Amino acid sequence: MVLCPVIRKLLHKRVVLASASPRRQEILRQAGLRFEVVPSRFKETLPKASFPTPPAYAVETAKQKALEVARRMHQKDLRAPDVVIGADTIVAVGGLILEKPVDKQDAYSMLSRLSGKEHSVFTGVAIVHCCSRDGRLDTDVSEFYEETRVQFSELSEELLWEYIDSGEPMDKAGGYGIQALGGMLVEQVHGDFLNVVGFPLNRFCKKLAELYYPSGREDPRPAQSHQGRGGRAEDGGERTQAAGPEEAVSNRTGHSPPPFPTGLLELVDSFKASKALFTACKLKVFDLLKDGAPLKAVDVAGKLGTSACGTGRLLDACVALGFLQKTDRGYSNTETANLDHPWDLSARPESAGRDGADPPDGALGERAGPPNQASCAHSEETRLGLLRAMHSLAKLTARHVATAFDLSRFASACDLGGCTGALAHALAREYPRLRVTVFDLPEVLQHVAGFQPDGPRTEQVSFLPGDIFEDSLPEADLYVVSRILRDWPDGKVHELLSRVARACKPGEATASTSLLQNLIFV
Ligand SMILES: Cc1cn([C@@H]2O[C@H](COP(=O)(O)OP(=O)(O)OP(=O)(O)O)[C@@H](O)[C@H]2O)c(=O)[nH]c1=O
């Protein structure tokens, strides 16, 4: 099983996670899945005694959670998502099923039951493929569960109450969170750790592989639709599928169908995703939702002066992209959306300048034709926008760049075109002995005071105005050329690197970094 292609199978589908559990959302998001979150309203009150085993209860609950969301979405829009994923995690000890504690006393009795013993954590998962046809909803449910055995230490009363008072147990099955403080209560884990946390990712990918590559081969063609076939896979059961329509034709004619254009579709998808992001940035959706209470689509639309329907679709797209989260109370920013972002740059790709497109004349101080007053004001505004964007982008990556190399042998560095000094400060923080000179155009450096690096400013960093093509490069043991080479045609790159090579003394280095490459030329 190759994980990425399996997850990719879902990238072109509208996927909904029917769960409010932040852990599940995080696990699936980290795996690269794009989905909306619509928490299920299914009440977890199935009669436990009527199930032959604890996992049978978890699987049924997971299925009911997913089906409730599929039905609700279908009823609301007459359009169900393609796939709804539901999950339910329970702890089983001595034949008892433990779910989330209702209060502290309940948490206490659960945890004291687990103390010094081994218990099982089961997560049931249901993958529901949906299809709305003639106003009717067809569903096809695949389900499975995973078991992980967890051995607890003996817990003293004091430890128990201290843990309960931390508040951590309350929204977690069995009253503990293995991924946080609760990890201290655990002696041994046998099985999938993520299953305990709330979602068995490994088994889920295997299940997807079973569903989408039924013959066991990772076929690059699109999987046949599972929609509306009414089939049902039991845990561990093999889902055998008849050849899809394409395969049937190819068997008859002896011609293989053309290769599936995965790359092309991904490109189209990325374009759509970027468009959604840029539009949300332009409308200042993330600014609106920052730090505030969640807002419904119609309220966002009211504040932005946009249509409720279009806004709803845009917000849902942002949820799928992981920038917003959606609950019954409305939409709110995820941590990613609250980060200090290169939004300006993304919102104005047409003026991306040094970070991709051709720079607008004079945007960052490059020589342009004789300026008039209006163009000066415009280019100043453009320059500030670009500086903000580059600063945010550099801050996101600076520490990673600074630690990608061992630069401890250098005493001085010069960051050519180092802009607001975000990378220079990160270098200074990582290498307390290193003095860093940021060398950039005077019209860029005049704005430096307005940009705060991550952490305090340091005297290790200094700024020197100059033109990397015209002026002598400051002396340094190390020249850093980060995110600037790609702005220039080959001839200019050659010229710049030759200037750097001439300025270098033997044993010195140039570190050239971009988002995609980290090279050191010695
Ligand atoms: C044992 C354990 C459980 N959990 C959480 O316990 C909840 C189980 O409850 P659920 O009913 O399956 O899910 P929910 O949170 O009510 O969400 P929903 O899917 O909407 O029902 C889920 O959150 C899990 O992560 C942890 O975070 N860490 C652990 O070590």
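For ligands, and for the atoms within them, numbers begin at 1 and follow the listed sequence. Computed from a predicted model, the values in this text were never measured in an experiment.
In terms of protein heavy-atom proximity, atom 16 (O) of ligand 1 is nearest to Lys100 NZ, 2.2 Å. Closest protein heavy atom to atom 3 (C) of ligand 1: Val196 O, 3.5 Å. Of the protein's heavy atoms, Ala173 N, 3.0 Å lies nearest to atom 6 (O) of ligand 1.
Using a 4.0 Å cut-off between a side-chain N of Lys or Arg and a carboxylate O of Asp or Glu, Arg41 and Glu68 do not qualify as a salt bridge. A salt bridge does not link Lys207 with Glu143: every distance from a Lys NZ or Arg NE/NH1/NH2 to an Asp or Glu carboxylate oxygen is 4.0 Å or more. Under 4.0 Å is where a charged nitrogen must lie from a carboxylate oxygen, and between Lys100 and Asp106 no such pair does. Using a cutoff of 4.0 Å between basic side-chain nitrogens and carboxylate oxygens, Arg23 and Asp171 are scored as salt-bridged.
Listed by number with element, the atoms of ligand 1 under 4.0 Å from a non-hydrogen atom of Asp171 are 6 (O), 7 (C). With ligand atoms numbered from 1 in the order given, ligand 1 contributes 26 (C), 27 (O), 28 (N), 29 (C), 30 (O) to contacts under 4.0 Å with heavy atoms of Gln179.
At a 4.0 Å heavy-atom cut-off, ligand 1 touches Tyr176 through backbone and side chain alike. No part of Thr61 comes within 4.0 Å of ligand 1, judged by heavy-atom distances.
For the pair Met73 and Arg14, the minimum side-chain heavy-atom distance is below 4.5 Å.
Of all heavy-atom pairs spanning Ala180 and Glu168, the tightest one is CB-OE1, 3.1 Å. Taking all atoms of both residues into account, the shortest heavy-atom contact from Leu137 to Ala80 is CD1-CB, 3.5 Å.
Between Val91 and ligand 1, no N or O atom pair is found at a separation short of 3.5 Å. Below 3.5 Å of separation, one finds an N or O of Ser19 facing an N or O of ligand 1. Checking only distances, Ile178 does come within under 3.5 Å of ligand 1, N or O to N or O. Close N/O approach between Lys65 and ligand 1 is found [any backbone or side-chain N/O within under 3.5 Å].
Across Ser21, Gly177, Ala20, Gly198, heavy-atom proximity to atom 22 (C) of ligand 1 is greatest for Ser21. The option with the heavy atom closest to atom 24 (C) of ligand 1, from among Val186, Thr89, Val197, is Val197. Proximity annotation for atom 12 (O) of ligand 1: of Arg24, Glu26, Glu44, Arg23, Arg24 comes nearest, heavy atoms only.
Of the possible donor and acceptor atoms, one in the side chain of Ser40 sits under 3.5 Å from a partner among the backbone N and O of Phe42. Distance alone, capped at 3.5 Å, places no donor-acceptor pair between the Ser132 side chain and the Gly135 backbone.
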